[in-house]
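Just so it is clear, the model here is predicted, and its values are computed rather than measured.
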Amino acid sequence: MSQVSEMLSGDTLCKVHGSAERSATANKKECNGVGMVTNSSGENAAAAKVAILLCTYHGQRFLAGQLDSFAAQTHPNWEVWASDDGSKDATHDILERYRAKWGGERLSIHCGPAEGFAANFLSLTCKADIAADYFAYSDQDDIWEADKLQRALEWLSTVPEGVPALYCSRTRLVDGDDCEIGLSPLFPKKPDFANALVQSIGGGNTMVFNMAASQLLRDVCNGLSVLTHDWWNYLVISGCGGKVFYDAHPSLRYRQHSGNLVGMNSSWMARLARIRMLFQGRFRQWNDEHIASLQLMRDRLTPENRQLLDLWATSRNRWLLPRMWGLWKTGIYRQTIFGNVGLIVAAIFKKI
């Protein structure tokens, strides 16, 4: 991915060293500090087929561990669609070895577009011949908790059929040796289009979405120019009236190492780098790209969110007082006080 990940969430991370239990406790349901709704149609969820959309590029060091964590899932009905973006290391050999072990119906291997991680994930998202009940993104170097898919499907199966729905979660951070070093930021506010316009809260490696969301994302694939697949999913599904759920319970072990494309970094140097990117206009550029892509599919947005998009798009280009007044009227928000202060500063300097 890229160095922008921390700015996408926009919040700092307090790393806490120490050990933690590896095994997930399936009976303990959490959602932002309250009980997670238990699925009333558990039998249907248990039988549901999940397509795991795995993107790889030079992933030989940790790929086997990621694949092994699929095999350890408490939800057994899954298949892997692996898209490799032209790896020159042993990545393809590892995929071939697991395909021989699991069978071709369990793991299929495809060539990616070789245009970066976002394009690779979007190529799988928009691939019309992937048939499943649910879809889960996966990076190449994490370790899924054993109940990752089970937890996601327990919530997703409560959403009425035909309503786009997206599950995402917090993550447990580990180093290259799988030693815990902290947790990703906890986002306490409700996921919403007004939040999605200025912040990505769910890492793609935690995302699981239903068939209705998959069809929606496929329908709006043409003409895209977006920064990341996960932020785009949040924008589209929330903007079109879908349901988004952020699980406060970590669903995977998110590996932080020198070779991964996205990581969490809360050092003061990283914060200064994000501020520098802000004043260089990177955040404004991302918003330009998102607005342009959303305008291409504006008829799919709810009437309320079309109005919000238009007010957001026009207000950010006005002079100071009308700009601040217009942005206040939109109700856009980030998840923390620190993030909202940064948003106000960016608005004052016309960097949004």
Whether [X] side chain and [Y] backbone form a donor-acceptor pair below 3.5 Å:
X	Y	answer
Thr91	Gln60	yes
Asp192	Ala194	yes
Ser293	His290	no
Asp230	Gly203	no
Asp147	Arg151	no

Single-linkage hydrophobic cluster [X]~[Y], side-chain heavy atoms < 4.5 angstrom:
X	Y	result
Ile109	Val80	yes
Ile344	Leu311	no
Ile352	Ile348	yes
Leu166	Val220	yes
Leu296	Trp232	no

Side chains of [X] and [Y], donor plus acceptor under 3.5 Å:
X	Y	value
Thr56	Asp84	yes
Arg298	Gln295	yes
Asn210	Tyr167	no
Asp139	Gln66	no
Asn305	Arg300	no
Tyr137	Asn233	yes

Are the side chains of [X] and [Y] in touch, meaning some heavy atoms are under 4.5 Å apart?
X	Y	value
Val159	Phe245	no
Thr314	Asp310	no
Trp144	Leu149	yes
Lys350	Arg284	yes
Thr228	Tyr234	no
Arg170	Phe187	no
Val341	Phe338	no
Phe193	Leu294	yes

Taking only Lys NZ, Arg NE, NH1 and NH2, and the carboxylate oxygens of Asp or Glu, determine whether [X] and [Y] approach each other closer than 4.0 Å.
X	Y	answer
Arg99	Glu96	yes
Arg172	Asp178	no
Asp141	Arg61	no

If you look at every heavy atom in [X] and [Y], which pair is closest and at what distance?
X	Y	value
Gln140	Tyr57	OE1-N, 2.8 Å
Leu327	Ile332	O-CG1, 4.1 Å
Gly59	Asp89	N-OD2, 3.3 Å
Ala196	Ser238	CB-OG, 3.7 Å
Ala212	Pro164	CB-N, 3.7 Å
Leu343	Arg334	CB-CD, 3.9 Å

**OP:** May I have all residue pairs that pass ring pair (Phe, Tyr, Trp, His ring centres under 6.0 Å) and include part of residues 302-337, sequence neighbours excluded?
**Re:**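 Qualifying pairs, neighbours excluded: Trp325-Trp328.
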
If you round to the nearest 0.5 Å, how far is [atom2] of [Y] from [atom1] of [X]?
X	Y	atom1	atom2	answer
Ile143	Thr171	CD1	OG1	13.0 Å
Asn205	Tyr254	CG	OH	5.5 Å
Glu145	Gln150	CD	CD	12.5 Å
Phe135	Met211	CZ	CE	6.0 Å
Asp85	Asn120	CG	CG	4.0 Å
Ser138	Trp78	OG	CH2	10.5 Å

**OP:** Classify the angle between the aromatic ring planes of His229 and Phe117 as parallel (below 30°), tilted (30 to 60°) or perpendicular (above 60°).
**Re:**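 Rings of His229 and Phe117: perpendicular, over 60°.
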
**OP:** Quick one: sort the His110 and Trp81 rings into parallel, tilted or perpendicular, breaks at 30° and 60°.
**Re:**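 Plane angle under 30°, so parallel.
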
**OP:** Step through the shown structure and confirm whether more than 12 heavy atoms of other residues, nucleotides or ligands are within 6.0 Å of NZ on Lys329.
**Re:**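 At most 12 heavy atoms, drawn from other residues, nucleotides or ligands, come within 6.0 Å of this atom.
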
**OP:** May I ask you to check whether over 12 heavy atoms, not counting those of Lys243, lie within 6.0 Å of atom NZ?
**Re:**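 Result for NZ/Lys243: open.
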
Original post:
Between Leu153 and His75, is a side-chain contact (heavy atoms from CB on, under 4.5 Å) present by the stated rule, with each step listed?
Top reply: CA-CA 9 Å; Leu153 268 58; His75 180 82; 3.4 Å; yes

**OP:** Check the pair Leu95, Leu54 against side-chain contact (heavy atoms from CB on, under 4.5 Å), reporting the backbone distance first and the verdict last.
**Re:** CA-CA 11 Å; Leu95 291 172; Leu54 168 67; 4.2 Å; yes

**OP:** Check step by step if side-chain contact (heavy atoms from CB on, under 4.5 Å) holds for Asp288 and Arg316.
**Re:** CA-CA 10 Å; Asp288 287 340; Arg316 59 194 286 270; 2.9 Å; yes

Subject >> cation_pi(Arg97, Trp102) dist<6.0 Å, angle<=45 >> reply: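 Because its charged atom misses either the 6.0 Å distance or the 45° angle limit, Arg97 does not stack over Trp102.
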
Original post:
Can you list the steps and then say if Leu197 with Thr330 is a side-chain contact (heavy atoms from CB on, under 4.5 Å)?
Top reply: CA-CA 10 Å; Leu197 284 171; Thr330 65; over 6 Å; no

Original post:
Tell me, which pairs form a disulfide bond (SG atoms under 2.5 Å apart) where one or both residues lie in residues 118-173, sequence neighbours left out?
Top reply: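 Passing the test, one end in residues 118-173: Cys126-Cys221.
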
